[in-house]
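One structure below.
Numbered from 1 within each chain, the chains take letters A, B, ... in sequence-line order. Basis for what follows: all heavy atoms, side chains included, without hydrogens, waters or symmetry-related copies.
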There are 2 protein chains.
Amino acid sequence: MNKKSATIYDISKKLNVSVATVSRALNDHPRISEATKELVRKTAKEMNYKQNNLAKALKSGETKNVGIIVPYVNTNFFSSVIRGIEEELSPHGYHVIICQSHEDVNIEKKHLNTLLNAQVDGIFMSVSKTTTDTEHIQSILDTTNTPIIFFDRKKDIAGISTVTIDDYRGGYIATEHLINEGYRNICHFSGDLNLEIYQNRLNGYKQALIDHKLTVKDENIITTGSSIDAGIDAIKTLWDKKSVPDAIFSSSDFAALGACQELKKRKIKIPQEVAVIGFSNEPFTQFMELPISSVDQTPVTMGKMAGQVFLERVKENSSGISIEKKVILEPQIYIRKSSKRK
Amino acid sequence: MNKKSATIYDISKKLNVSVATVSRALNDHPRISEATKELVRKTAKEMNYKQNNLAKALKSGETKNVGIIVPYVNTNFFSSVIRGIEEELSPHGYHVIICQSHEDVNIEKKHLNTLLNAQVDGIFMSVSKTTTDTEHIQSILDTTNTPIIFFDRKKDIAGISTVTIDDYRGGYIATEHLINEGYRNICHFSGDLNLEIYQNRLNGYKQALIDHKLTVKDENIITTGSSIDAGIDAIKTLWDKKSVPDAIFSSSDFAALGACQELKKRKIKIPQEVAVIGFSNEPFTQFMELPISSVDQTPVTMGKMAGQVFLERVKENSSGISIEKKVILEPQIYIRKSSKRK
DNA sequence: CTGTTAGCGCCTTCAA
DNA sequence: TTGAAGGCGCTAACAG
């Protein structure tokens, strides 16, 4: 009872027409009579014919599959970007393959290779934290025509289109908001500075201070992870050192949450004594009884834009040479209780 | 400057050996001399050869791709299941294609078809809320060999393996916990009863009441959506009707959150006056200042189990006929402040 | 309007 | 240990 599905050959035999006719009828070719088309379609349905896209892809060179590589799929940010990409590309007949790098550049390399072997039509990726060297990506660019699109966590590589938010501006407006609320000794929890996004947020923070005649102090810049514990530890460190800020701009919502928890434990009032603003606008930030201010990265939009950039690239490709695109989205600041002194 | 990638033909020409030799060398076939293997591998690397899995798949009938259909990818639950599936299957060389049904059975059907056309080796799915009729799924079972595996939101179809949690038990232990805490007039926020999971949670709730000699009251069973607003509305309805419970078991964490918000607004004390327990163990439940009790569905484990069921099925398939599996995972209750009276 | 045929890249049986 | 050749299912160029 092997249910092998019917091919166009089976249909052609049954109908005593050529496979070409069947293929054309199924593809609604203009020079096939309506009668045969109808007949072919009908028997195709009867025989439960399913087109084999593998064969089609082998012939055409297009699989209509794209790959996405992210550190982990079950985070609000990445899963939202994936949603955006899927919703943008699905109507155009593309399928989306997802791979997780687990923040490991070696796994990232492996996925890149297997995706290429699978003949995907394009690859979307956010590099892992351990991706310092980019030769493996450069070499794909040099030896294949497969477009690569970076989103959020990008690297500077000529010829690769990117979709990001303006993290510099995100850092700037978050900091400026704190300044406008009257805070003066603002501390920054930075993430992994190997990633451009965190560098940019840090730079935005610095510039906002400078523009408002506040001094940038090294002891106010703390490199933390993106976890609750990291935020807790950061507060402990600061208060142990008696280097006490009156506001915190955290590049991670989770670290911001940890900070809030630890401050509360120490009976330090938010936002009266210390204000807190995070980054990413994780769902939980607005659910808290003390809602946490945050900067939204508009991840679904980011995904859709990445999808669009890819679609444009595919079009261009079939008609000449293509230019890299740099899409920069505007971050959205959400001001909540944790940073409203007034 | 067309960067067409090298094929085994290119290698065979360059080396003056047959393609068969190249193919075998690349696949580490035992009856090829080590010398030629070495040579082939070396030139393959030089020529930047990449195996075309499309051709391989066309020949072998295995794409090493599986499809996953979920309502939306950017929810904690579904993205975690996807993570589990990916992590289980990736080491075995599989890629994971994701599709979103948007809770629409017609989109679900379309995805099912395109996945089949793409020749995936298996399909994992959680049905949409609008999936009442299951003919489209049954017909795949009847006409193809592609295994389908339901997770969480399943339908009863002979021959389809399922991986779920014991929702009945989840409903039971959540309710029993409330009873043990001394609550007696327990209200249930049920989800869409077209889905088995919500029916089962409701039945578990009912049985727990019965087993503890409490009466099941119709007015205490409210069909709500799974949103914050749904929870808010439910509270409004209850209090307007003066049909006031002393505890709420919500089948959705979001509705539970909405309930908490509305109760707080009405100055009703949680858990002293009204206890609340939700379902899903969404990350935010534990972050709240008043953490919300919840029942965890162990989604990553669910995904891994689903992956295992698929792998077993693939093995069985190549050696005879296969039996459907029903994996039922134990739900984990997390008791937090929102339901601890004592 | 329809048929014949080559070929996409790979694997694998049969033959040497 | 290696080679020759067919075929996986489909499309498109070339013929009629």
Side-chain angles (χ1 to χ4, degrees), chain A residues 2-41 44 47-65 93 114 116-121 144-145, chain B residues 2-41 44 47-65 93 114 116-121 144-145:
Chain A
N2 201 23
K3 301 164 198 159
K4 252 185 112 274
S5 72
T7 71
I8 50 174
Y9 282 88
D10 301 324
I11 299 176
S12 87
K13 261 174 218 155
K14 186 151 189 177
L15 259 39
N16 270 320
V17 294
S18 74
V19 284
T21 300
V22 176
S23 171
R24 289 194 269 245
L26 257 14
N27 287 309
D28 205 21
H29 191 283
R31 287 192 310 223
I32 296 283
S33 77
E34 207 36 65
T36 27
K37 275 187 192 174
E38 204 47 56
L39 184 64
V40 169
R41 281 195 280 249
M47 300 179 72
N48 220 287
Y49 168 77
K50 296 220 188 308
Q51 186 186 49
N52 186 327
N53 278 335
L54 242 43
K56 189 178 176 180
L58 183 57
K59 185 108 236 294
S60 69
E62 269 196 319
T63 55
K64 289 284 190 173
N65 284 159
T114 60
L116 253 17
N117 290 347
Q119 311 295 121
V120 292
D121 296 341
T144 78
N145 283 315
Chain B
N2 202 24
K3 302 163 197 161
K4 256 186 111 275
S5 74
T7 72
I8 51 173
Y9 281 89
D10 301 324
I11 300 176
S12 88
K13 260 174 219 156
K14 185 153 191 176
L15 259 40
N16 270 322
V17 293
S18 74
V19 285
T21 302
V22 176
S23 171
R24 288 195 267 245
L26 256 14
N27 288 308
D28 204 23
H29 191 286
R31 286 192 312 224
I32 294 285
S33 76
E34 207 38 64
T36 27
K37 276 189 193 173
E38 204 46 57
L39 185 62
V40 169
R41 282 197 279 250
M47 300 178 72
N48 221 285
Y49 168 78
K50 298 220 186 307
Q51 187 184 50
N52 186 328
N53 278 335
L54 242 42
K56 190 178 176 180
L58 183 58
K59 186 108 234 297
S60 69
E62 270 197 321
T63 55
K64 289 286 193 171
N65 284 158
T114 59
L116 253 17
N117 290 347
Q119 310 296 118
V120 292
D121 296 342
T144 78
N145 283 317

>> Just verifying a value: how many Å separate L39(B) CG and L15(B) CG, rounded to the nearest 0.5 Å?
In response: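 So the gap between those two atoms works out to 4.0 Å.
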
> Can you tell me how far the CG atom of L58(A) sits from the CG atom of N53(B), to the nearest 0.5 Å?
Replying inline: 11.5 Å

Spacing between [X] atom [atom1] and [N] atom [atom2], to the nearest angstrom:
X       : N       : atom1 : atom2 : answer
N48(B)  : dG9(C)  : CG    : C1'   : 17 Å
D10(B)  : dG9(C)  : CG    : P     : 8 Å
K13(B)  : dA4(D)  : NZ    : C1'   : 16 Å
L26(B)  : dG9(C)  : CG    : P     : 15 Å
Q119(A) : dC10(C) : CD    : C1'   : 11 Å
D28(B)  : dT12(C) : CG    : P     : 14 Å

>> Quick check on dC1(C): is either OP1 or OP2 less than 4.0 Å from any side-chain nitrogen or oxygen of T36(A)?
In response: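 Checking T36(A) against dC1(C): no side-chain N or O falls below 4.0 Å of OP1 or OP2.
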
> So, is S18(A) near the phosphate of dT2(C), with a side-chain N or O under 4.0 Å from OP1 or OP2?
Replying inline: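 It does not, given that no N or O in the side chain of S18(A) lies less than 4.0 Å from OP1 or OP2 of dT2(C).
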
Verify, without hydrogens or angle tests, whether [X] (side chain) and [Y] (backbone) share a donor-acceptor contact under 3.5 angstrom.
X      : Y       : result
N52(B) : L54(B)  : yes
K50(B) : Q119(A) : no
N65(A) : V120(A) : no

> What's the shortest heavy-atom distance between R41(B) and A25(B), and which atoms?
Replying inline: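 Of all heavy-atom pairs spanning R41(B) and A25(B), the closest is NH1-O, 4.2 Å.
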
>> Strictly under 4.0 angstrom, non-hydrogen atoms only: write out the protein contact profile of nucleotides 6-16 of chain D, one letter per nucleotide from the 5' end, B, S or -.
In response: BBBBBBBB---

